[in-house]
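Naming: A, B, ... by sequence-line order, numbering from 1 per chain. Since this is a predicted model, take the numbers as computed values, not measurements.
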Amino acid sequence: MKLEIRRWHGGERTAHEVIVDHTGIAVRPDGGWHPRPTAVARVVAGVLDVPAGDGPPPFDGTPREWRSLVDAAVDDIGLADVRCDGASVLVLAWRDGGGMVEVVPTADGLVRCEPRHPLEVWTGLTSLARDVSRGTRR
Amino acid sequence: VNVEIDLPADWRRLDTKPPLSLLAQPATWHGSPVPTISVVDTEVPGDVAFDDYVQAELVRASEVYPGHLVHLDVDAEGRRFDVTMAFEQLGADVTSVQRHVMDGDGRTVVATGVAADDDWPDVARVIIATVRSIRTAG
């Protein structure tokens, strides 16, 4: 199974692939490797590199264009899109000093930002990772 | 001085010796590692400032449990800090959530909850609430 992580931060866009199978986890293009599929949450969290501190959300809940979030990902604002087999499964935006939101789609093609505590994000990531790692076990 | 914690009704206490003042696990659990909550009650030698204690604990944690820092919240006024890390322990990928409480006499009480990342989505709510219920009385 493959996770793709697209990350916008400081005006730069990076893309990583996290490939998980029963032999372990490989991260491309950096070449990182981990021997256990159960470590996928930690590996993905390392690539996301979101802040550990809570704080005021970087965006309020007003529906907005996705593009506006990408354009805002300069200076101390970050944005990441985690995709599993091509579909977005977790989209986050944060402020480096603390404060994070999950970006969710609205019915009219816009996105809305919902505040998330770092522990909420981690718990969601472990749930996603469990699905991924269980799907790769022999 | 007594240490109080709100342990879930379906968890059982195990035998302990000082400085471990509590060790508890779910009464029934399948698989390994078993989610565990512990409480350590110690005196910090010398006259250590809270900020120095926090810094020393974070350095120690990063050396003993190199992994991913999930959450950090320091309340200097309340002399309390919360730290959550994800790391490898004995071949398992685990999440550890801690609350440190320091009184004015250099005594510290540390509650720690640990569970496998695979189990974290199921036990996070109970472990976080229990660890955060730690308090000293008397």
Participant: Just how far is it from atom NE2 of A:H117 to atom NE2 of B:H71, taken to the nearest 0.5 Å?
Facilitator: 3.5 Å

Participant: With only heavy atoms counted, which part of B:D73 is less than 4.5 Å from chain A, the side chain, the backbone, both or neither?
Facilitator: neither

Participant: What is the distance from atom NE2 of B:H68 to atom CG of A:L125, rounded to the nearest 0.5 Å?
Facilitator: 8.0 Å

Participant: I need the A:T38 OG1 to B:D93 CG distance, nearest 0.5 Å.
Facilitator: 3.5 Å

Participant: Name the region of A:A129, side chain, backbone, both or neither, that has any atom closer than 4.5 Å to a heavy atom of chain B.
Facilitator: neither

Participant: How long is the straight-line distance from CH2 of A:W122 back to OG1 of B:T84, given to the nearest 0.5 Å?
Facilitator: 10.0 Å

Participant: Any luck finding a side-chain donor-acceptor pair between B:W120 and A:T123 under 3.5 Å?
Facilitator: yes

Participant: How long is the span from the CZ atom in A:R130 to the CG atom in B:D119, to the nearest 0.5 Å?
Facilitator: 7.0 Å

Participant: Roughly how far, to the nearest 0.5 Å, is the CD1 atom of B:I127 from the CG atom of A:L119?
Facilitator: 11.5 Å

Participant: Would you find more than 12 non-hydrogen atoms of other residues, nucleotides or ligands less than 6.0 Å from B:D15 atom CG?
Facilitator: no

Participant: Sorted by first residue and then second, give each salt bridge (Lys or Arg N to Asp or Glu O under 4.0 Å) pair with at least one member in residues 81-94 of chain A; sequence neighbours left out.
Facilitator: A:D81-A:R83

Participant: I need the residue from B:V74, B:V83, B:T95, B:V94 with the largest number of non-hydrogen atom pairs under 4.5 Å to chain A.
Facilitator: B:T95

Participant: Among B:G91, B:A86, B:P121, which residue forms the greatest number of heavy-atom pairs with chain A at distances under 4.5 Å?
Facilitator: B:P121

Participant: Counting only heavy atoms not in B:E4 (residues, nucleotides, ligands), do more than 12 fall under 6.0 Å from its CD?
Facilitator: yes

Participant: Looking only at non-hydrogen atoms, find the nearest pair between B:E88 and A:R42 and report the distance.
Facilitator: N-NH2, 3.7 Å

Participant: Are there more than 12 heavy atoms of other residues, nucleotides or ligands under 6.0 Å from atom CZ of A:R13?
Facilitator: yes

Participant: For B:A124, is it the side chain, the backbone, both or neither that has a heavy atom under 4.5 Å from a heavy atom of chain A?
Facilitator: side chain

Participant: Going only through I, L, V, M, F, W and Y residues with side-chain contacts under 4.5 Å, is there a path from B:L22 to B:V34?
Facilitator: yes

